[in-house]
Visitor: 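Sharing a structure, written as structure tokens. Questions coming.
Here, residue 1 is the first one in the sequence, and each next residue gets the next number.
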Amino acid sequence: MEAALGTEGGKFGKYGGKFIPETLVPAINELESAYTAFKDDPVFLKDLDYYLTKFAGRPTPLYYAKNLTEYAGGSRILLKREDLLHGGAHKTNNTIGQALLAKRMGKRRIIAETGAGQHGVGTAIACAALKLQCEIYMGSRDMVRQKSNVFRMRLLGAKVHEVNTGSKTLKDAINEALRDWISNVQDTYYLIGSVVGPHPYPTMVRDFQCVIGNEIRSQIHDYSPRSPDFIVACVGGGSNAMGSFYPFITDKATSLVGVEAGGKGLNSRQHCASLLAGSEGILHGMQTYILQDKYGQVSHTHSISAGLDYPGVGPEHAYLKDIDRVKYVDCTDELAVDAFVRLCKLEGIIPALESSHAVAYAMKLAKKGQKNQDIVVTLSGRGDKDLGIVSRYLQREREHK
Ligand SMILES: *Cc1c(COP(=O)(O)O)cnc(C)c1O
């Protein structure tokens with residue numbers, strides 16, 4: 001998506017836009033008008049609500065983590081339990097939403113790309129439920145690293161295309177998916193997994209994820225008459241964070257905190273903190289903060305959690321950072337694993353490593369905070385997928401002691 005074209009609509013300050021090759025303009029325009037037409041359509045929203053509740057298990061609970069709160073010794077910590085959503089993460093909110101839209105648009109075939117496999121699995125789940133043909137592009141190196149997700153996708157009826165070009169990872173899979181879309185726009189819908197890409201994706205994915213923040217808004221009243229003092233969420237592309245934050249953007253009583261993956265530390269160059277350590281640029285059809293060198297070459301990134309390992313970030317986050325409405329911080333691999341282990345032991349909940357970044361920062365915040373303050377943490381997913389990584393990490397730690 002290199003060639004820059006017009007950038008009307010879909011701007012967040014100077015970020016976002018549509019930086020797409022000419023061949024994709026009709027497809028993006030068709031998507032934009034379909035989304036505009038259906039997003040407030042009562043029948044569409046009723047369908048969406050049906051699948052989110054009856055199929056995916058919404059609403060997810062807002063749970064007072066009493067033991068973690070006592071351990072941190074300060075503010076009250078509440079967990080928004082997206083780990084309990086069908087599929088094991090918030091991604092299902094978006095894949096069901098877009099798959100339903102694709103159906104409305106008369107598209108029979110869904111394509112997506114996946115790195116760690118979580119979005120591929122989420123897409124395959126939605127396609128099976130809605131009887132859509134599903135094809136997933138994945139780098140061959142990622143396919144080896146994420147074998148069980150490849151098996152899941154195939155079980156769920158998806159066709160997984162092995163991508164053998166370039167570094168054989170996510171960015172090559174994106175290129176192949178785009179090539180497919182360009183040649184098959186008539187019957188094919190490209191389902192993007194986070195608040196990234198050209199307009200209207202960042203806005204549309206945010207809207208589908210806002211169910212998280214809207215539920216927090218009403219569920220907080222089980223605990224308090226006030227809005228939460230803080231909402232904390234991890235930021236990869238930024239969809240679980242945008243969905244948690246957006247309904248509170250105009251509520252100045254609530255401070256919003258996005259946690260990026262600090263990897264081995266911001267000075268190590270082995271991290272993916274695009275907002276904290278990146279610079280402006282254009283990537284995957286949008287203007288945003290990117291980790292890149294002085295020649296505009298996208299940097300190599302690292303995080304212990306595959307879901308946060310992305311060199312860019314949703315353009316709305318770039319804007320919210322610039323206007324200072326959201327505070328962005330980082331959390332290292334080490335602190336994320338500590339929080340992962342702590343939440344297992346103290347609360348009986350195995351969180352995703354991505355979500356553990358947010359838990360780690362919330363614990364820090366709680367310790368410094370007042371007893372009468374509430375911190376809501378979005379627990380974006382469950383950690384079963386991360387057991388191997390955590391067990392190897394802890395093993396290595398023991399060996400080095
Ligand atoms: C994919 C994923 C993320 C990162 O994606 P966002 O778009 O930043 O939300 C975070 N947590 C989990 C569990 C994921 O699967």
Visitor: Hey, does Leu78 have a side-chain heavy atom less than 4.5 Å from the side chain of Tyr223?
Guide: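 Sidechains of Leu78 and Tyr223: in contact.
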
Visitor: Please give me the minimum heavy-atom distance between Ala233 and Thr378, naming the atom from each residue.
Guide: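 Distance-wise, the nearest heavy atoms are CB-CB, 4.1 Å.
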
Visitor: Mark yes or no for whether Asp172, through its side chain, and Lys168, through its backbone, hold a donor-acceptor pair below 3.5 Å.
Guide: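 Yes, the answer is positive, given that a donor and an acceptor are paired below the 3.5 Å cut-off.
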
Visitor: If you look at every heavy atom in Ser239 and Val205, which pair is closest and at what distance?
Guide: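 Nearest heavy atoms, Ser239 then Val205: CB-CG1, 4.0 Å.
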
Visitor: Measure from NZ or CZ of Arg217 to the centre of the six-membered ring of Phe248, then state whether that distance is under 6.0 Å and the direction lies within 45° of the axis.
Guide: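 Judged by the rule, Arg217 and Phe248 form a cation-pi pair.
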
Visitor: Looking at Lys107 and Glu30, is any side-chain nitrogen of the basic one under 4.0 Å from a carboxylate oxygen of the acidic one?
Guide: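 Looking at Glu30 and Lys107, the cut-off is met.
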
Visitor: So, applying side chain to side chain contact (heavy atoms under 4.5 Å, CB included) with Asp83, which one of Thr60, Asp384, Ile349, Ile350 is it?
Guide: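 Filter result, single survivor: Ile349.
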
Visitor: Report yes or no: is the cationic atom of Lys14 (NZ for Lys, CZ for Arg) under 6.0 Å from the centre of the six-membered ring of Tyr319, at an angle within 45° of the ring normal?
Guide: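 No - Lys14 does not lie over the ring of Tyr319 by the 6.0 Å and 45° rule.
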
Visitor: What do the steps show when you test His317 against Tyr328 for ring pair (Phe, Tyr, Trp, His ring centres under 6.0 Å), and what is the final call?
Guide: CA-CA 9 Å; His317 285 289; Tyr328 294 92; 5.7 Å; yes

Visitor: Is there a side-chain contact between Tyr189 and Arg109 (heavy atoms, below 4.5 Å)?
Guide: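 No, every pair of side-chain atoms sits at 4.5 Å or beyond.
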
Visitor: Answer yes or no: is there an ion pair linking Lys103 with Asp47, defined by an N-O contact shorter than 4.0 Å?
Guide: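 No, no charged N to carboxylate O under 4.0 Å.
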
Visitor: Can you measure from NZ (Lys80) to OG (Ser355) and round to the nearest 0.5 angstrom?
Guide: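 Reported to 0.5 Å precision, the distance equals 13.5 Å.
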
Visitor: Are Lys385 and Gln118 packed together at the side-chain level, in the sense that at least one heavy-atom pair is separated by less than 4.5 angstrom?
Guide: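 They are in side-chain contact.
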
Visitor: Between Ser255 (side chain only) and Phe230 (backbone N and O only), is there a donor and an acceptor less than 3.5 Å apart?
Guide: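 No, the answer is negative, given that no donor and acceptor are paired below the 3.5 Å cut-off.
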
Visitor: With sequence neighbours left out, which residue pairs that include part of residues 135-172 fulfil the ring-ring contact (aromatic ring centres under 6.0 Å, His included) condition?
Guide: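 The answer is Tyr137-His161.
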
Visitor: Please name the pair of heavy atoms, one in Leu291 and one in Ser274, separated by the smallest distance, quoted to 0.1 Å.
Guide: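 That would be CG-CA, 3.9 Å.
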
Visitor: State whether the side chain of Asp229 and the backbone N or O of Asp374 hold a donor-acceptor pair below 3.5 Å, judged by distance alone.
Guide: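 Checked: pair present.
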
Visitor: I'd like to know whether Phe340 forms a ring pair (Phe, Tyr, Trp, His ring centres under 6.0 Å) with His357, so could you lay out the CA-CA distance, the side-chain angles of the two residues, the decisive distance to 0.1 Å, and finally the verdict.
Guide: CA-CA 8 Å; Phe340 177 102; His357 288 70; over 10 Å; no

Visitor: So, for Asp330 and Val259, which heavy atoms are closest and what is the spacing to 0.1 Å?
Guide: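 Reported closest heavy-atom pair: C-CG1, 4.2 Å.
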
Visitor: Of the non-hydrogen atoms in Val211 and Arg58, which two are nearest, and what is the gap between them?
Guide: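 Reported closest heavy-atom pair: CG2-NE, 3.5 Å.
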
Visitor: Can you list every pair that meets ring-ring contact (aromatic ring centres under 6.0 Å, His included) and has a residue in residues 77-100, with sequence neighbours left out?
Guide: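 Sorted pair list: Phe55-His86.
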
Visitor: Does NZ or CZ of Arg76 lie under 6.0 Å from the centre of the six-membered ring of Tyr64, at an angle within 45° of the ring axis?
Guide: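 That pair qualifies as a cation-pi contact.
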
Visitor: A side-chain contact here means heavy atoms from C-beta on lying under 4.5 Å apart; do Ile216 and Pro247 qualify?
Guide: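 Sidechains of Pro247 and Ile216: no contact.
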
Visitor: Should Asp333 and His302 be marked as a side-chain contact (heavy atoms from CB on, under 4.5 Å) after you check the CA-CA gap, both sets of side-chain angles, and the distance that decides it?
Guide: CA-CA 10 Å; Asp333 290 350; His302 160 84; 2.6 Å; yes

Visitor: Compare all side-chain heavy atoms of His271 with those of Glu260 and state whether any distance is below 4.5 angstrom.
Guide: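 His271 does not reach Glu260 side chain to side chain.
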
Visitor: Verify the ring-centre separation between His199 and Phe19: is it less than 6.0 angstrom?
Guide: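 For Phe19 and His199, the ring centres are not under 6.0 Å apart.
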
Visitor: Are any of the side-chain nitrogens in Arg396 or Glu399 under 4.0 Å away from the carboxylate oxygens of its partner?
Guide: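 Not counted as a salt bridge, because no side-chain N and carboxylate O are separated by less than 4.0 Å.
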
Visitor: Does the side chain of Met286 come within less than 4.5 Å of Ile282's, by heavy atoms?
Guide: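 Counting from C-beta outward, Ile282 and Met286 never come under 4.5 Å.
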
